[in-house]
Amino acid sequence: MNLVLGVDAGGTASRAVLATSDGTVVGRGTAGPGNPISAGSAAAVAIGTAIRQALAHLSPTSVTAAVLGVSGVASASDPAALVLVPMWRELGLTCPLTIVGDVVTAFAAGAPDPSGTVLIAGTGAIAARITGYRVTATADGLGWLLGDEGSGRWIGLQTVRAAVRDWSSPLGRLVAARSGARSPEEAVRWAQSLPFGEIGALTPPVCTAAREGAPGAARIIASAVGHLIATLDELAAPGPVVLAGGLLVADTPVRDGVLGVLVKREVPTGTARDPAAGAAWLAARHLGPLKPAALHAALLSGGPVSPSRAR
């Protein structure tokens, strides 16, 4: 049995999908953070663990093609990718180690096209132009200090800033409930003592408050949408546009706002499903009995498609 392997390795988790060339998923695995820049050699351990789980009892030599979408790494020749080479050998995999940026696999998880644009908004925010399954331009993705405008952390930070300036407002009460602070001064000390990632935990209640019509929350969400559209517009790239990341995949007012703009512009838009399955599709798209679009539908819907129906 010829198998293909797809991996999505990000700053939060590593996920692996093992599939047949007709789009049948036969194994999945999940482990810890897989960004080699932030996690170092631990990223290789996490990615290897996810792959082992996906392989289970199957032989690694049955994997004939593999694509790894790795955060912080653009290709197998990237110096940061060197920590993955020993892991590949230790797993017994004999097919080539193909690495692309995780924005490529996010795009592939939402569209079977070789070119287009992906807009990602989760903890961070970035837009990337994809040409022939490669990143040719990016906008934002600069981190919380210099950018990531419209991201979860950005929304959380704007919420705290607004709250300490107007403590009696609904946003002030929201931050007080989250932090236990009884005054703006206590909220400032709370925010400064936090691991910064926890600021993003304010985003879900802000989204809820915006949906309920709270003016301050609605303004922050509208501003986030505006920043994300501006980031997308920096690339001036044709469609399709794939939306990815927690804020744009889940049912959030941020997704509603961005999608509303794209629909009004009549831009073809898709939503990223499983980037690991998108990576598996990149590995399999020329190997099996299905045309690429039919194979994409099979892998990203979680089930096979009959060749007779696909042609």
Side-chain angles (χ1 to χ4, degrees), residues 3-19 25-58 60 63 66-76 78-93 95 97-109 118 120-126 141 143-144 148 151-153 156 194-201 203-204 244-250 272-283 302:
L3 301 174
V4 296
L5 174 67
V7 173
D8 173 57
T12 302
S14 301
R15 296 178 176 86
V17 165
L18 193 68
V25 175
V26 298
R28 293 183 183 272
T30 304
N35 182 329
I37 301 234
S38 58
S41 60
V45 174
I47 293 170
T49 299
I51 293 173
R52 283 191 185 91
Q53 289 177 8
L55 282 168
H57 62 279
L58 297 169
V63 179
V67 170
L68 279 63
V70 183
S71 176
V73 175
S75 69
D78 193 309
L82 293 178
V83 297
L84 304 180
V85 176
M87 172 272 295
W88 200 251
R89 292 173 182 155
E90 288 168 11
L91 288 171
L93 290 159
C95 66
L97 172 59
T98 302
I99 296 176
V100 298
D102 62 343
V103 294
V104 177
T105 49
F107 178 76
V118 60
I120 303 174
T123 301
I126 187 172
W144 70 268
D148 283 354
S151 68
R153 281 184 179 169
L194 280 177
F196 190 73
E198 292 189 28
I199 292 289
T203 301
L247 284 172
L248 297 178
V249 171
R273 296 180 183 176
D274 179 357
W281 175 76
L282 288 172

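Side chain of S14 to backbone of G32: a donor-acceptor contact under 3.5 angstrom is found.
L68 contributes atom CG, which lies 6.5 Å from atom CG of L5 (distance to the nearest 0.5 angstrom). Interatomic distance, CG of D102 versus CG of N35, reported as 8.0 Å (0.5 Å rounding). Atom OG1 of residue T49 and atom CD1 of residue I47 lie 10.0 Å apart, to the nearest 0.5 angstrom. Distance check: D148 CG to T123 OG1 gives 9.0 Å after rounding to the nearest 0.5 Å. L18 contributes atom CG, which lies 4.5 Å from atom CG of L3 (distance to the nearest 0.5 angstrom). Rounded to the nearest 0.5 angstrom, R153 CZ and I199 CD1 are separated by 9.5 Å.
Residues V104 and L282 have side chains in contact (heavy-atom distance under 4.5 Å, counting atoms from C-beta outward). With contacts defined as side-chain heavy-atom distances shorter than 4.5 Å, the pair P60/W88 does not qualify. Taking the side chain as every heavy atom from C-beta outward, V26 and L58 approach each other to under 4.5 Å. Put simply, the side chain of V4 does not reach to within 4.5 Å of the side chain of V63, judged on heavy atoms.
By the side chain to side chain donor-acceptor pair (under 3.5 Å) test, T203 is found to be paired with no residue, residues two or more places apart in sequence or in another chain being considered. The side-chain contact (heavy atoms from CB on, under 4.5 Å) search around A279 returns V67, T105, not counting sequence neighbours. Every residue meeting the side-chain contact (heavy atoms from CB on, under 4.5 Å) condition with L91, not counting sequence neighbours, appears here in chain and number order: I51, R52, M87, L93. Residues satisfying the side-chain contact (heavy atoms from CB on, under 4.5 Å) criterion with D274, sequence neighbours excluded, are V17, R28, A276, A277. Residues satisfying the side-chain contact (heavy atoms from CB on, under 4.5 Å) criterion with A125, sequence neighbours excluded, are S151, L228.
G34 and A9 get closest at one heavy-atom pair: O-CB, 3.7 Å. Closest approach of I120 and A106 over heavy atoms only: CD1-CB, 4.1 Å. For the pair V249 and A244, the tightest heavy-atom approach, listed with the atom from each and the gap, is CG2-CA, 3.7 Å. Heavy-atom minimum distance, S71 versus P36: O-CD, 3.5 Å. Taking all atoms of both residues into account, the shortest heavy-atom contact from P33 to A46 is O-CB, 3.3 Å.
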(message) What verdict does the side chain to side chain contact (heavy atoms under 4.5 Å, CB included) test give for V100 and F107, after you've listed the backbone C-alpha separation in whole Å, the side-chain angles of each residue and the deciding distance to 0.1 Å?
(response) CA-CA 11 Å; V100 298; F107 178 76; over 6 Å; no
(request) Assess whether side chain to side chain contact (heavy atoms under 4.5 Å, CB included) is satisfied between V103 and I126, documenting all intermediate values. (result) CA-CA 9 Å; V103 294; I126 187 172; 4.3 Å; yes
(request) Any chance you could lay out the side chain to side chain contact (heavy atoms under 4.5 Å, CB included) test for V70 and L84, step after step, and finish with the verdict? (result) CA-CA 10 Å; V70 183; L84 304 180; 4.3 Å; yes
